[in-house]
> 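One structure coming up, written as structure tokens, with questions to follow.
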There are 2 protein chains.
Amino acid sequence: MTELRPGDASLLRKVNTKVTLSALRRAGVATLTQLGRVTGLSRQTVEAVLDELGERGYVREVPPDEGVMGRPARRFGFRADAGYVVGVEVGGDAIVAALADLNGEVIAWERAEISGDAAAHERLEAAERTALACVDGAGVAHRRVWTVAAGTSGIVDRTGRVSLSITLPGWTGVDLAGLAGRWFGCTALAANDANLAALAEHWRGSAQHAADVVYVLIGHRAGAGILIGGRLHPGRTGAAGEIGTLRQVGWEDAARELVKDASAAEVFEAALGGDRDAVRRVDRYAENLAIGASALVLAIDPDLLVLGGGYARAGAVLLEPLRRHLAELCVSAPEVVASTFGDEGVAIGAVRLALDHAEREILGL
Amino acid sequence: MTELRPGDASLLRKVNTKVTLSALRRAGVATLTQLGRVTGLSRQTVEAVLDELGERGYVREVPPDEGVMGRPARRFGFRADAGYVVGVEVGGDAIVAALADLNGEVIAWERAEISGDAAAHERLEAAERTALACVDGAGVAHRRVWTVAAGTSGIVDRTGRVSLSITLPGWTGVDLAGLAGRWFGCTALAANDANLAALAEHWRGSAQHAADVVYVLIGHRAGAGILIGGRLHPGRTGAAGEIGTLRQVGWEDAARELVKDASAAEVFEAALGGDRDAVRRVDRYAENLAIGASALVLAIDPDLLVLGGGYARAGAVLLEPLRRHLAELCVSAPEVVASTFGDEGVAIGAVRLALDHAEREILGL
DNA sequence: CGACATACGTGAATTGGTTACATAAGTGGA
DNA sequence: TCCACTTATGTAACCAATTCACGTATGTCG
């Protein structure tokens, strides 16, 4: 639980490296004096830390500013290109891969459609092709990829194996992390798609200021991801948030009912146009969604509920009735907002997960 | 979220004080060499830390062991009597107070019955009387009480105010922490009873090896407490786990149905004796309970589910059908066990919560 | 009473950090 | 061009916390 190791002097250097590095990354480019001010450390300490990071290739000196008063200060920048990470969504109908530098800036996207009926090995090959194409397209050498993270629907256990998938054929039992590790010969992680999407929203989306977040991913099938204290909460088996399987909740049938005789987009479109029947159907869908969401909200009592996934594009047409039904069901409903990222959320969350791992490597295991 | 403060040398001393103190408390009484071995610190460092703690009154030297080889080592012990904490359960029919030393050893118990209809001010006065009687009975001076924690049913917000109580008359809006602080003129905390009971199980009960725990407190009314990573998860408003309010869950009616025309104890007794009707009723109750519990389990995916509260005394008669129904409802049900502590769980959890606060004080804010 | 075992005490060395102050290297105006 | 001003750098002294090495103290055992 709590780390309870004794500390020798090198512990100090570790924490100060961490604060200095994070200050430098926030600032982009900074002088020793500036970093000293924001971190609260002395200039000399900052210099020593940066020297060390420079030798290890994580920090580079850039040309000084011109035309300023006084002696021009040496300026330093984080070498975001010292390494790269790849985030991949292995979805039902598409593979989405993102290549990002160590600042988390996405350098390249790659997307490939795939049939929902595709066999597991086809899906895996498509994922590998897409990931490789993404990296190759950006001209990044494979050995510069430090970590890969993959997100997929279904339950993913702590080791990164898909322990249960209902939607994808043959997907149950696939060792996604293990296989993804071979793509670039680096460590690989795998997690549930909704969990990663939640992480993305907390990182750069609509959940940045929330600590406890429930993310409801809706589309052909609904799932949920949970963040506690800003960190992923996968649960013992990786199944946290999989409330949809509870019969009383009715997420199973809700989507089916919505798209009985038209595409979801058509129904939302019609509802937006004021079509009575469509509005009623969307409201009914929102009500079903709210039942499951309220179970999560009552259990977790989160700061924020984020609605994402394909259907979330419907926006207020769906959001408003969901808020209404949720307020009826919960003692005190949290704020409900739409996801910032569309289809890219899962891949972005995967990038964040991979970065977490890569950053631990920089700071020294 | 993550602490990101720079560290000067005193940080080292802080973490080493922490590890040394915790090692000493685990050992009870120990020599410098022993502490050095278990903490990984040098004997000199341990000595310096213990000197400091000795000056501040938290550590005392005890007579050396006799009859051992070599020069007898100085032996040190944690002064558990340097301060005390009080944990109180302010329940529907009873007030339970526990006085504990800084090791968490309960020195004295005090219990008082109270009518469920008692007005808020009566309940508060009874709580104060009971807490004072507990401390006075043990002959501990009031100023030696460092922290008080109180647990009660209903929703308790972050400030320790009861923001909603359905069962206790006039209880909504009571500033429990604020009022309890006056009893001994010290800092006081308040939390939901189920949450505290969960904490107690994690501390010294059946949930010691579980990180994520759902504790279901059953009695006249059912509630739940949640531990994530071994720590309390109260949620934004303190309402985390209050799944019972969801209509579909049916916790509201479950208990009422169980005790339709007999006391709960009688029904459980009859079921244990093999009475067909009683068995059916208990099974029905377990099924209702399982629906709510499964919502929590699916949301959190905990390592362990603990069943506690008055009805939990029924034991296997209730536990077995609950396990069965839960397994039907959940993808992968966690282990289900009965609470170790009976009525005392909430007060013990309150002691633990108060200790957490007191310990932070020892280590220096 | 000496051999042995174990703990204690002291001083030097190391690491990491801070403060203080002299010095370097620019800008800007006379 | 030169001088005042501004800001950064370099260096030295010092402090805090920790560790290691080694000599000394204090007990037990045969």
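Below, chain A is the first sequence line, B the second, and so on; all start at residue 1.
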> Distance check needed: C:dT19 P versus A:Leu41 CG, whole Å only.
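Between P of C:dT19 and CG of A:Leu41: 11 Å.
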> Does the pair B:Ile348 and B:Leu199 meet the rule for a side chain to side chain contact (heavy atoms under 4.5 Å, CB included), with working shown?
CA-CA 8 Å; B:Ile348 292 177; B:Leu199 204 54; over 6 Å; no
> Scan residues 51-64 of chain B against DNA chain C and write down, sorted by residue number, each residue with any heavy atom closer than 4.0 Å; if none is found, say none.
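Residues of residues 51-64 of chain B that come under 4.0 Å of DNA chain C do not exist, since none gets that close.
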> Using side-chain hydrogen bond (donor to acceptor under 3.5 Å, both in side chains) as the criterion, list what pairs up with B:Thr33, not counting sequence neighbours.
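Here no residue qualifies.
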> Distance check needed: C:dT6 C1' versus B:Leu35 CG, whole Å only.
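Distance, rounded to whole Å: 16 Å.
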> Where each residue is assigned the nucleotide of DNA chain C containing its nearest heavy atom, which of A:Val49 and A:Glu66 is assigned the position nearer the 5′ end?
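Result: A:Val49.
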> Please state whether the phosphate of C:dT19, meaning OP1 or OP2, lies under 4.0 angstrom from any side-chain nitrogen or oxygen of A:Ser42.
no
> Go through the structure and list residues passing side chain to side chain contact (heavy atoms under 4.5 Å, CB included) with B:Asp101, not counting sequence neighbours.
B:Ala80, B:Tyr84, B:Asn103, B:Glu105, B:Ile107
> For A:Arg13, what residues pass the side-chain hydrogen bond (donor to acceptor under 3.5 Å, both in side chains) criterion, not counting sequence neighbours?
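side-chain hydrogen bond (donor to acceptor under 3.5 Å, both in side chains) list for A:Arg13, sorted by chain: A:Glu52.
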> Report the distance from atom CG of B:Leu12 to atom C1' of D:dT19, rounded to the nearest whole Å.
12 Å
> Can you tell me how far P of D:dA16 sits from NZ of B:Lys14, to the nearest Å?
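B:Lys14 atom NZ is separated from D:dA16 atom P by 15 Å.
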> Under 4.0 Å from OP1 or OP2 of C:dG16: is there any side-chain N or O of A:Asn16 that close?
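No, A:Asn16 has no side-chain N/O under 4.0 Å of OP1/OP2 on C:dG16.
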> Just jot down the side-chain hydrogen bond (donor to acceptor under 3.5 Å, both in side chains) partners of B:Asp303, sequence neighbours excluded, or say none.
none
> May I have all residue pairs that pass salt bridge (Lys or Arg N to Asp or Glu O under 4.0 Å) and include part of residues 180-189 of chain A, sequence neighbours excluded?
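Qualifying pairs: none.
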> For B:Ser206, which residues count as a side-chain hydrogen bond (donor to acceptor under 3.5 Å, both in side chains) partner, sequence neighbours excluded?
B:Glu201, B:Thr340
> For residues 139-149 of chain B, run the donor-acceptor check on the side chains, cut-off 3.5 Å, and write out each pair with its distance to 0.1 Å, sequence neighbours left out.
from     : atom 1 : to       : atom 2 : distance (Å)
B:His142 : NE2    : B:Asp136 : OD1    : 2.7
B:Arg144 : NH2    : B:Asp81  : O      : 2.4

> Summarise how protein sits on nucleotides 6-12 of chain D as a single string, 5' to 3': B when a protein heavy atom is under 4.0 Å from the base, S for sugar-phosphate-only contact, - for no contact.
BBBBBB-
